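Let me begin by presenting the structure, written as structure tokens, before commenting on it.
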Amino acid sequence: MEWEEYQKKLTEYGIDKKDFDDIEKAFIFASDAHEGQVRFSGDAYITHPINVSLKIALLKLDTRTIIAALLHDTVEDEKTTLRIIRKKFGEEVAFLVNGLTKVKKIKYRGVERQIESMRKMFLAWAEDVRVVIIKLMDRLHNMETLDSHPKQEKRERIALETLEIYAPLADRLGMWSVKSQLEDLSFKYVYPEEYKWLIDEVHTKIPDREKYLELLRPIVARELDKEGISSIEISWRAKNYYSLWKKLLKKDMDWSRILDLTAVRIIVKDVEACYATLGVIHKVWRPLPGRIKDYIALPKPNGYQSLHTTVFCEDGRVTEFQIRTPHMNRDAEFGIAAHWAWEMAGKPKDGARFQHGKFAWVKQLQEWQKEFKKTKQSGAEFLETLKIDFFKNRIFVLTPKGDVIDLPEGATPVDFAYTVHSEIGECTSGAKINGKMSALSHSLKSGDVVEILTQKNKKPSEEWLKFVKTSIARSRIKGSLRKSSHSLYSLGVKKPQKVDIIITAGNRVGLLKDVISVFESFRLNIEKITSDSSGIDYPIINISFTPKNDGQVEKIKTRLKNLVRVEEVTIKEKSR
Ligand code: MN
């Protein structure tokens, strides 16, 4: 595609002409960078970033995001290319492109317990939701052109990754249209037989649904007209294949139990008109009990708003209606991206809010939240859960192989090592974070790649207890210190041992009491005391105790010697 044609598209999508110079600069830069590169389809590589950027433009995101989309695959050498991009296109574009380069490194491992962590990490790592949106559009275009990938195994892996990581992400962001496109495009590769079966079923089971709905359209318009409601749009939409298939699985493959196979969508100007329209539908056709849903008063967890009802329609055919305003419709299709566009529309593009760093994902969520709070409580609640869900004091770091390790905020390389494997923790001698040697007490950040250096006979240090954050690391370090303290004593370091003292003294009243008070003054427990004075002048007192330290024994000996009539004090050391 040449610039002229591209420019025409931008105009069509309503992009401001004054930004065309900047966009053209990126268009040329990307074309040069991909010069000579060819896709599997045989197309020039540049067709890919062009397509991705047009998808972004269609979503009405800001110019910098369009530029970042054009540049998203140009970074080969992070240091040099990013520096050039920063110089040519500014800090914010460089920030977005860097984010995209980072998320490229996330390797899909397909391990079930890791999938949720990966999604979270993806979001945390992307830092800015626009990075996620570009990445979703990048994936969408790659899925659209997946047919030309020569390796079947690779096609399946990419499709599965799309189904498990990217489609749920789009769903979380409320981007329904992107989610269903990604799902249907993957469905074909991941479950080819089921896909084929479903398509055939849809075509044979309900061949006339299109005809029926076309017939219904003027009837609905006429009924609304009678009540003075003018509809902006009456359309219909088939449930996407993948979610239809999932629903069939749930309903024992019984088609008759799927009532929202196709829905008639009525778009009217405001909320009042929505409720009025619902009234009209119910007046004309009898509603099915339990199928009326007011997602305007109570939006779905992802923010979705609409009124739904299912009625016995013309010829008694069960038909679902969805009633909403244009704003709700756009939000439902494009989710967070639509929100972005609304926000942009009313504000100067170079306002302070749009400077580098202020776009951070969390920040945007907070903005979003504020706006929802103004209007409806449940929206705010949704965002609160979204935020907590994604960022509840967790960070996500990577092993050099690309496995995701989920850790609490402030976790250190030592926590990482013990979480990966306790044996690695035990032998940790150093750590590299993103390729650089770092202190073991360093606080890790989401997205860090951590490599633990080990040494065979290395032992955990007591120091580590001062900074570790995970209980697993803490308990393992303590356990290991305990073990090694035992072995230290066995290596000759003295540990308090039980001592026997033998006192020979002239017999006198109160001697035993004086001996005991010596031990009491040192706050020592006498463990055993025997006194043998069988008919001799010089009784023998045998006392067992455990001194608190080595010096104590000598002090006690001296004190005992000084007692009246004590003749001799000897020490007999025993091992336990
Ligand atoms: Mn790409």
Side-chain angles (χ1 to χ4, degrees), residues 1 6 9-10 23 25-59 61-78 80-82 84-85 89 93-108 118-119 121-123 125-151 154-167 169-170 173 175 178-179 181-182 185-186 189 337 402 447:
M1 189 185 282
Y6 184 85
K9 287 261 182 211
L10 292 181
I23 298 174
K25 216 165 65 174
F27 188 96
I28 293 165
F29 185 89
S31 302
D32 289 348
H34 296 301
E35 180 75 59
Q37 293 175 355
V38 179
R39 305 197 87 216
F40 284 125
S41 60
D43 291 335
Y45 195 89
I46 188 69
T47 56
H48 168 63
I50 282 180
N51 195 296
V52 174
S53 71
L54 286 175
K55 288 183 195 303
I56 293 291
L58 191 59
L59 287 173
L61 292 185
D62 60 297
T63 302
R64 293 191 186 98
T65 315
I66 298 172
I67 291 174
L70 277 170
L71 304 176
H72 83 268
D73 277 332
T74 59
V75 175
E76 262 154 26
D77 173 351
E78 278 178 49
T80 55
T81 319
L82 268 175
I84 297 165
I85 288 176
F89 303 99
V93 169
F95 167 76
L96 292 173
V97 174
N98 187 34
L100 284 156
T101 310
K102 276 200 288 181
V103 296
K104 240 185 244 175
K105 288 183 202 145
I106 298 171
K107 272 205 207 107
Y108 176 70
M118 281 193 65
R119 285 184 208 133
M121 196 199 78
F122 195 108
L123 288 169
W125 208 359
E127 286 177 87
D128 185 319
V129 76
R130 291 177 300 173
V131 172
V132 182
I133 297 172
I134 296 172
K135 194 67 200 169
L136 287 173
M137 295 303 138
D138 174 42
R139 179 50 61 113
L140 184 55
H141 186 243
N142 284 335
M143 286 306 299
E144 284 166 356
T145 52
L146 192 60
D147 255 337
S148 47
H149 201 294
K151 284 190 191 136
K154 204 79 188 280
R155 285 199 300 265
E156 281 171 17
R157 191 189 61 73
I158 293 169
L160 188 63
E161 181 184 67
T162 305
L163 210 51
E164 292 189 331
I165 305 292
Y166 293 91
L169 271 178
L173 299 177
M175 302 174 77
V178 175
K179 173 213 163 221
Q181 286 179 69
L182 287 173
L185 287 164
S186 313
Y189 299 99

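Order of listing sets the numbers, starting from 1, for every ligand and every atom in it. Because only heavy atoms are used, hydrogens play no part in the values below, and waters and symmetry mates are left out as well, while side chains stay in. The structure presented is a predicted model; accordingly, all values stated were derived computationally and were not measured.
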Answer yes if the side chains of [X] and [Y] hold a donor-acceptor pair under 3.5 Å, and no otherwise.
X      : Y      : value
Thr65  : Asp62  : yes
His149 : Asn142 : no
Thr145 : Arg39  : yes
Gln37  : His34  : yes

Practice task
Mind telling me whether His48 and His72 have parallel, tilted or perpendicular rings, with 30° and 60° as the class edges?
Solution key: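 Rings of His72 and His48: perpendicular, as their planes differ by over 60°.
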Exercise for the section: For residues Tyr166 and Ser186, determine if any side-chain heavy atom of one lies less than 4.5 Å from a side-chain heavy atom of the other. Expected result: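 Sidechains of Ser186 and Tyr166: no contact.
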Handout entry: Proximal protein heteroatoms (N, O or S) of the Mn ion (ligand 1), under 2.8 Å
Key =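 Sorted hits: His48 NE2, His72 NE2, Asp73 OD2, Asp138 OD1.
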